[in-house]
Amino acid sequence: MLERSDILDARERVRDTSRRTPLEYSHTYSSMTGADVHLKLETFQRTGSFKIRGATNRIATLSEEQKAAGVVTASAGNHAQGVALAATRAGVDAKIVMPEYAPIAKVKATRSYGAEVVLSGTDYNEAAERAHEIEREEGRTYVHAFDDEMVMAGQGTLGLEILEDCPEVETVVVPIGGGGLISGVATAIKEQRPDVRVIGVQADGASSAAKSLEKGQRITLDGVDTIADGIATRSVGEHTFDHIEEYVDEVVTVSDPEIAVTITYLLERSKTVVEGAGAVPLAALLFETFDYDEDETIVPLLSGGNIDLNTLTNVVVRGLVETGRYLKIRTVLTDEPGALEKLLEIFTEHRANIYAIHHDRTSRDVEMNDTEVEIELEMRGPDHVDAFLEALREAGYEVDVLV
Ligand SMILES: Cc1ncc(COP(=O)(O)O)c(C=O)c1O
């Protein structure tokens with residue numbers, strides 16, 4: 001098992017490569033929850049996530065011979081960028097195998113940190129197979145994304161920072177994918193302050209740690225389904241599972257809509273871009289998936305900010321829908337002059353602002369002398385949506401809410 005001294009040693013090794021990220025009190029989330037909320041903003045870490053910490057520690061602990069032979073890993077996401085920059089900073093050659101479908105922005109970012117990118121396989125598992133072949137063929141060291149004590153120790157340096165910057169902390173909330181982050185953070189915290197609660201958070205559609213703890217043994221999910229790609233992992237590691245069992249007080253899950261709403265809150269209120277995996281700790285707090293007391297000092301660890309712009313667009317729309325700020329409806333009008341104008345009078349009366357309107361007389365879904373209308377609207381919240389829909393229905397329109 002990992003020890004606190006491993007994490008203290010890691011801190012010396014990662015000091016020059018990674019940033020000490022800010023920990024800030026949040027008025028917004030404190031007043032929303034009644035707790036005393038301080039955000040650990042690892043989104044401002046170099047490469048956009050905590051992964052540089054573990055990768056730097058792992059590479060620093062290689063022998064000179066291993067360093068000369070280089071490293072290899074497989075990743076479609078943050079670990080790729082973390083290993084790439086850590087290796088470059090240490091003067092070690094790195095090959096990163098990414099699945100062929102990997103978003104071009106991630107491939108470019110990984111290359112820009114100085115690694116050679118090998119595109120192979122259709123998914124992560126096939127990419128990992130190729131990376132292990134390269135490990136054997138070229139004598140490189142495989143840098144595991146989570147199930148490695150030196151990687152876990154590097155991630156644990158975040159736990160030390162949280163205790164130092166927020167000594168009054170009572171609960172720390174951490175995302176779990178493969179479990180490397182929480183293993184390091186929980187070890188750092190529990191060995192120094194066993195009174196501090198450590199809560200792990202997964203997505204509903206990738207809840208391997210929660211299910212493994214329930215069963216008392218490590219299980220592998222058949223598949224994963226979540227917008228939080230950083231934690232879309234089918235199983236936690238062997239070593240990480242031992243640490244989670246030993247140190248983590250509770251593991252909870254959040255849904256994709258809850259994650260989407262949290263990302264939009266962070267954007268709008270905190271002016272901070274956070275990816276799905278990074279947002280789950282705050283989502284768990286806002287949607288009360290664990291119990292906490294009034295005024296309890298809670299630190300959600302926002303672990304990364306690398307969100308693809310297409311994903312972000314979808315998430316923002318979803319977040320607006322969930323918070324009653326975006327509405328898409330369909331109704332049918334009689335095809336006669338003035339019918340649309342009459343409908344729109346209700347919109348004006350209720351200040352429902354139109355983004356887009358589609359008026360279709362040729363739709364096969366309506367009678368010959370009817371017209372189908374689909375309208376996208378900007379709204380002010382759930383009460384506004386309810387009052388507006390009620391007014392439309394009272395005026396005799398049959399309305400389908402599409403989103
Ligand atoms: C942003 C972000 N948060 C959390 C995690 C989960 O880390 P771990 O796999 O060590 O549990 C990851 C993993 O890639 C990540 O990229």
Side-chain angles (χ1 to χ4, degrees), residues 2 21 40-55 57-58 73-83 96 98 102-103 106 109-110 124 128 143-159 172-188 198-203 206-210 212 218 224 226-244 247-248 251 253-254 259 262-263 266 272-284 300-308 311-312:
L2 195 62
T21 48
K40 176 63 173 168
L41 293 164
E42 187 70 0
T43 46
F44 294 122
Q45 186 50 265
R46 301 187 71 179
T47 73
S49 88
F50 67 95
K51 290 284 187 178
I52 180 103
R53 297 178 186 249
N57 192 44
R58 180 70 188 93
T73 195
S75 165
N78 289 332
H79 181 59
Q81 297 174 44
V83 172
I96 316 281
M98 301 179 90
K106 295 206 169 157
T110 306
Y124 169 77
V143 181
H144 201 282
F146 49 84
D147 212 19
D148 176 311
E149 288 208 345
M150 288 302 105
V151 171
M152 287 151 50
Q155 325 301 26
T157 56
L158 267 159
V172 179
V173 196
V174 185
I176 305 182
L181 174 63
I182 199 166
S183 295
V185 169
T187 304
V198 177
I199 294 187
V201 190
Q202 299 200 292
S207 58
S208 62
S212 299
R218 202 163 66 95
V224 287
T226 172
I227 55 166
D229 55 341
I231 50 171
T233 314
R234 286 173 52 207
S235 75
V236 287
E238 248 173 71
H239 301 295
T240 59
F241 183 56
D242 292 344
H243 288 79
I244 292 170
Y247 291 122
V248 176
V251 175
T253 65
V254 290
I259 299 171
T262 306
I263 293 175
L266 283 159
T272 306
V273 179
V274 183
E275 64 183 280
V280 296
L282 184 61
L301 195 173
L302 308 187
S303 53
N306 291 326
I307 188 163
D308 178 78
T311 313
L312 184 60

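Read the numbers this way: they start at 1 and go in the same order the structure lists the ligands and their atoms.
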Can you confirm whether Val174 sits close enough to Val172 that some side-chain heavy atom of one is under 4.5 Å from a side-chain heavy atom of the other?
yes
Closest heavy-atom approach to atom 10 (O) of ligand 1 among Leu181, Val236, Leu302 is made by Leu181
request  = Indicate yes or no: does an N/O atom of Gly178 lie under 3.5 Å from an N/O atom of ligand 1?
outcome  = yes
heavy-atom search around atom 7 (O) of ligand 1 in the protein gives Phe50 CZ, 3.5 Å
Under 4.0 Å from one or more heavy atoms of Ile231, ligand 1 contributes atoms 4 (C), 5 (C), 6 (C)
> Is Asp229 salt-bridged to Lys106, going by a charged N under 4.0 Å from an acidic O?
Replying inline: yes
Side chains of Val251 and Ile199: does their closest heavy-atom pair fall under 4.5 Å? no
Item to complete: State whether the shortest distance between N or O atoms of Gly304 and N or O atoms of ligand 1 falls below 3.5 angstrom.
Response: no
Gly278-ligand 1 polar pair, N/O distance under 3.5 Å
no
A student checking ligand 1 against Ile176 at a 4.0 Å heavy-atom cut-off should list atoms 11 (O)
Would you please say whether a donor-acceptor pair under 3.5 Å links the side chains of Thr73 and His79?
-> yes
Partner of Leu302 under side-chain contact (heavy atoms from CB on, under 4.5 Å), picked from Thr21, Thr262, Leu41, Val173, is Leu41
Numbered in order shown, the ligand 1 atoms found under 4.0 Å of a heavy atom of Gly179 are 8 (P), 9 (O), 10 (O), 11 (O)
The single option from Gln45, Gln155, Lys40 that satisfies side-chain contact (heavy atoms from CB on, under 4.5 Å) with Phe50 is Gln155
Exercise. Answer yes or no: is there a side-chain heavy-atom contact under 4.5 Å between Gln81 and Lys51?
Key: no
With heavy atoms and a 4.0 Å threshold, my read on which part of Glu275 contacts ligand 1 is side chain
Ranked by distance from atom 16 (O) of ligand 1, the top protein heavy atom is Asn78 ND2, 2.7 Å
Hey, mind stepping through Phe241 and His239 against ring pair (Phe, Tyr, Trp, His ring centres under 6.0 Å) and telling me if it holds? CA-CA 5 Å; Phe241 183 56; His239 301 295; over 10 Å; no
min-distance protein heavy atom vs atom 13 (C) of ligand 1 -> Gly230 O, 3.0 Å
Ligand 1 to Lys51, heavy atom cutoff 4.0 Å, flagged ligand atoms 13 (C), 14 (O)
Quiz item: Has ligand 1 got any nitrogen or oxygen that is less than 3.5 angstrom from a nitrogen or oxygen of Ser303?
Solution: yes
request  = Look only at interatomic distance and state if Gly180 has a nitrogen or oxygen under 3.5 Å from any nitrogen or oxygen of ligand 1.
outcome  = yes
Notebook entry, point to check: Do Val280 and Gln202 come close enough that some side-chain heavy atom pair is under 4.5 Å?
Noted result: no
